[in-house]
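Report on one structure; see the data block that follows.
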Number of protein chains: 2
Amino acid sequence: MRKTTIEEVAALARVSIKTVSRVINDEPNVRDTTRLKVRDAIDRLGYRPDQSARRLAGARSYLVGLLYDNPSASYVIDVQSGVLDRCRAENYEILINPCDYKNHALCAEIENLVRHARLDGLILTPPLSDHQELVSMLRKQLIPFVMVAPPNQSDPARSVFTNDRDVCREMTRYLASLGHERIGYIIGHPDHGAVGARYRGYQEGLSGAGIRFRKGLIGQGYNSFISGEEAARQLLKRKVRPTAIFAGNDEMAAGAMKAAHEMGLTIPGDLSVAGFDDVPLASQIWPSLTTIRQPIRAMSEKAADILLNQIRGEPVNGLQMIPSVMVIRDSTGPIGG
Amino acid sequence: MRKTTIEEVAALARVSIKTVSRVINDEPNVRDTTRLKVRDAIDRLGYRPDQSARRLAGARSYLVGLLYDNPSASYVIDVQSGVLDRCRAENYEILINPCDYKNHALCAEIENLVRHARLDGLILTPPLSDHQELVSMLRKQLIPFVMVAPPNQSDPARSVFTNDRDVCREMTRYLASLGHERIGYIIGHPDHGAVGARYRGYQEGLSGAGIRFRKGLIGQGYNSFISGEEAARQLLKRKVRPTAIFAGNDEMAAGAMKAAHEMGLTIPGDLSVAGFDDVPLASQIWPSLTTIRQPIRAMSEKAADILLNQIRGEPVNGLQMIPSVMVIRDSTGPIGG
DNA sequence: CTGAAAGCGCTAACAA
DNA sequence: TTGTTAGCGCTTTCAG
């Protein structure tokens, strides 16, 4: 069974192929009755336009690139499925493209990729959304793009945010409400844009609860398990050790838990631990991790929406913010509990 | 800067476009000197053929589909990156396609996908490699495909294996060598083909160590954390409880660890636990999990190789087996240790 | 509002 | 061993 082509649709609908093309592309200047007739023929034949032919003939490629350099597999999978859903629904394909954000030639490579694969647009996820050089290049080249969780709100029309800061403030206050006063914090990788917002949320949470900020309770991590473990070990070795540790992501929180275990501390009895992201790990360690669920899938769907609109030249509505929510599990509890 | 086309290459090399086409496609019947001349022109111009045009004109699409329905994000990401590497190197693109293996219309959908996207071939990962209906459909339709870790060796030319059974035997004997005699086993999801081989390896390991197989030490899981937790809880409630538990994957092993912790058992003091896969979780829980590292990336690269060869009609060499290896960490130790 | 004709950049026959 | 000529299925002019 051969694929049905635009000609067969045109024949069945008794119009020219150009009219069919107009209908396919939602172009104006087609009488409603004609449009209906064509739509009907399309349905009856199960016709779907050939992407290669459209790409070759037209200006658009119906292809968007998805750029990522994220060590968290579950993050990437969530982003992919969100974007896939949206794009397939609109007959766009996605080109997944793992990157190395430290690669000095990254900009050139991406520019090349866009040109060669004729990408209609790009979706950037952290830490690529934080890559200033890349972002300015795209702006300069007028390449449509959208950023998931960029570090600031300077380009809201091309961004999807979550409320890192608010929810971190909330988490800190929650820990305080359990009686904790020495609440440590492990900062994430400095190259990661959301890191600042989360840290600020923590600080605000402290002051909101009337707790003094202490530099000595802050550790620097790099988003990895091992970095969290090391940072926590330092914090826990102090004379006045924290009774709670809030880490900038779940991997570091898990590392902190390991450090605590190895030092003979029980969780949450001697130490409460909280993370951020709600990766699968969070519910698979013991005790299960109190954390913050980031709406990754919803954010990526929204990002795809924005990008497709942008590509079509349609207006993009206001600030896109999808809230993260706290998930309280077993790794946090009342002080001395 | 417009993209350079085959015509410009032909002009520079002073040959016809057909000759350039022959060189691009590694076709025979081109004099070596001509081939060199053309290659040189291609390099000088930085020419790369337009995929859409090739797809439209030719029989091949330079597109392969990657099918998966796997809850483990790290597994999928590893497969993707292995396949991507190989395919991009050969100028093939991949179409990632999450599936639902329980969907009754799956076969029809895949058939449709192949036809509509004009896929040159398909890579199946578990549990899709175990989907008999799908596999026979592909065979019948003469659609090139390759299976990662299929349930049996009935079609070695289209398969990449690992030595599940051998390495599970080895792990079981390792546990026995630590003094364990009551070694429990949690079976994975029955729909998953590798499950049988792993279980058999366990049984062989027992008899190899001179330990009697006891039905009462076997639990049925479904590859998920929670199923492992429940199965382990049953096993540990028995009057003569196991001193070691070997689970068919890491998630279930983590679930078993949770059950043990909640029952007040220490690991590995009271209970040794081992898993399979070496997902990131394995090194991020406490104590870190003794497990078996599956060479997912290497297997998928090999799978891509096999598929591309098959597509080109080149011969496929013998049985492809890439061994898994044991990774001993802290969740296993001498009995009563 | 609709249609005819000219490509997009390449591969597939077929000729030479 | 090489070149010529038709398309592949669609979008884009440009004319009606």
Side-chain angles (χ1 to χ4, degrees), chain A residues 2-39 41-42 45-63 91-93 115-118 120 311-312, chain B residues 1-39 41-42 45-63 91-93 115-118 120 311-313:
Chain A
R2 267 193 65 270
K3 231 167 72 166
T4 73
T5 77
I6 199 173
E7 301 215 37
E8 306 172 45
V9 176
L12 183 58
R14 303 181 157 285
V15 296
S16 74
I17 61 169
K18 176 62 216 182
T19 300
V20 178
S21 173
R22 285 199 179 90
V23 174
I24 295 167
N25 295 294
D26 276 323
E27 281 172 32
N29 295 335
V30 179
R31 201 185 298 150
D32 279 353
T33 55
T34 313
R35 200 180 288 275
L36 248 46
K37 220 167 43 180
V38 173
R39 288 242 169 81
I42 289 178
L45 264 35
Y47 168 76
R48 292 181 60 185
D50 182 291
Q51 297 289 57
S52 303
R54 305 181 91 176
R55 271 173 216 166
L56 183 57
R60 283 186 293 177
S61 70
Y62 301 90
L63 249 182
N91 255 304
Y92 273 73
E93 264 321 319
R115 200 168 305 281
H116 182 255
R118 305 194 37 228
D120 285 344
I311 289 172
R312 300 196 191 98
Chain B
M1 129 193 154
R2 267 194 63 269
K3 229 167 72 164
T4 73
T5 77
I6 200 173
E7 301 215 37
E8 304 171 47
V9 177
L12 182 58
R14 303 179 157 285
V15 296
S16 75
I17 61 168
K18 178 61 213 180
T19 300
V20 178
S21 172
R22 286 199 178 90
V23 174
I24 296 168
N25 295 293
D26 276 323
E27 281 171 33
N29 296 336
V30 179
R31 203 185 297 151
D32 279 354
T33 56
T34 314
R35 199 179 289 274
L36 249 48
K37 222 168 43 181
V38 173
R39 288 242 168 81
I42 289 177
L45 264 36
Y47 166 77
R48 292 181 58 185
D50 181 292
Q51 297 289 59
S52 304
R54 306 179 92 177
R55 270 173 215 165
L56 184 56
R60 284 184 294 176
S61 70
Y62 301 90
L63 249 183
N91 256 303
Y92 273 73
E93 265 321 321
R115 199 169 306 281
H116 183 255
R118 303 194 39 228
D120 285 343
I311 289 171
R312 299 195 191 99

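It should be emphasised that the depicted structure is a prediction, and the values quoted were computed from it without experimental measurement.
- Under the 4.5 Å side-chain criterion, counting only non-hydrogen atoms from C-beta, A/D50 is in contact with B/R118.
- Between B/G58 and B/T33, the residue whose closest nucleotide on DNA chain D is further toward the 5' end is B/T33.
- Atom pair B/R60:CZ and C/dG9:P shows a separation of 21 Å (rounding to whole Å applied).
- For B/R312, the CZ atom is densely surrounded, since the number of other residues' heavy atoms within 6.0 Å is greater than 12.
- For B/R54 and C/dT11, the shortest distance from a side-chain N or O to OP1 or OP2 is below 4.0 Å.
- Comparing atom distances between the A/R22 side chain and each of C/dG3, C/dA13, D/dT12 picks out C/dG3 as nearest.
- The nucleotide whose nearest atom lies closest to any side-chain atom of B/K18 is, among D/dC10, C/dA12, D/dT2, C/dA12.
- Annotation: the terminal axes of the helix from C/dC1-D/dG16 to C/dA16-D/dT1 meet at 30°, where each axis is the rotation carrying the C1' atoms of four end pairs onto the next four (5 pairs per end, rounded to 10°).
- Heavy-atom nearest nucleotides on DNA chain C were determined for B/E27 and for B/S52, and the one closer to the 5' end corresponds to B/S52.
- Distances shown here put every side-chain N or O of B/N29 at or beyond 4.0 Å from the OP1 or OP2 atom of D/dT2.
- Checking the phosphate oxygens (OP1, OP2) of D/dT11, a side-chain nitrogen or oxygen of A/S21 falls inside 4.0 Å.
- Around CD of B/E7, the count of heavy atoms belonging to other residues, nucleotides or ligands within 6.0 Å does not exceed 12.
- A/E7 has its CD atom 9 Å from the P atom of D/dC10, to the nearest Å.
- Rounded to whole Å, atom P of C/dA4 lies 9 Å from atom CD1 of A/I17.
- Classification of B/D26 and B/R39 as a salt-bridged pair holds, one side-chain N sitting under 4.0 Å from a carboxylate O.
- Side-chain contact between A/R31 and A/K37 is absent, with no heavy atoms from C-beta onward closer than 4.5 Å.
- Among the heavy atoms of the strands lying under 4.0 Å from A/Y47 are primed sugar atoms or P, OP1, OP2 only; no base atom is included.
- Donor-acceptor pairing under 3.5 Å is lacking for the side chains of B/R55 and B/Y62.
- Proximity of A/T34 to the phosphate of C/dT2: a side-chain N or O atom is located under 4.0 Å from OP1 or OP2.
- Listed nucleotides C/dT11, C/dC1, D/dC10 differ in distance to A/T5; the shortest reach to its side chain belongs to D/dC10.
- The shortest distance between side-chain heavy atoms of A/L63 and A/Q51 does not fall below 4.5 Å.
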Worksheet item: Going through the checks in order, is the side-chain contact (heavy atoms from CB on, under 4.5 Å) test met by B/V38 and B/R22?
Response: CA-CA 10 Å; B/V38 173; B/R22 286 199 178 90; over 6 Å; no
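- What separates CZ of A/R48 from C1' of D/dG9 is a distance of 15 Å, to the nearest Å.
- Rounding to whole angstrom units, CZ of residue B/R14 and P of D/dG3 are separated by 12 Å.
- Counting non-hydrogen atoms under 4.0 angstrom, A/D50 reaches the backbone sugars and phosphates but no base.
- Atom OH of A/Y62 is separated from atom P of D/dC10 by 11 Å (rounded to the nearest Å).
- Per the geometry, NZ belonging to A/K3 stands 8 Å off C1' belonging to D/dG9, to the nearest Å.
- Remark: C1' of C/dA12 and CZ of B/R55 are 19 Å apart, rounded to the nearest angstrom.
- A close approach under 4.0 Å does occur between a side-chain nitrogen or oxygen of B/T19 and OP1 or OP2 of D/dG3.
- Comparing D/dT4, C/dT2, D/dT11 by their nearest atom to the side chain of B/S16 picks out D/dT4.
- Picking from D/dT11, C/dT2, C/dG9 the nucleotide with the shortest atom distance to the side chain of B/L56 gives C/dG9.
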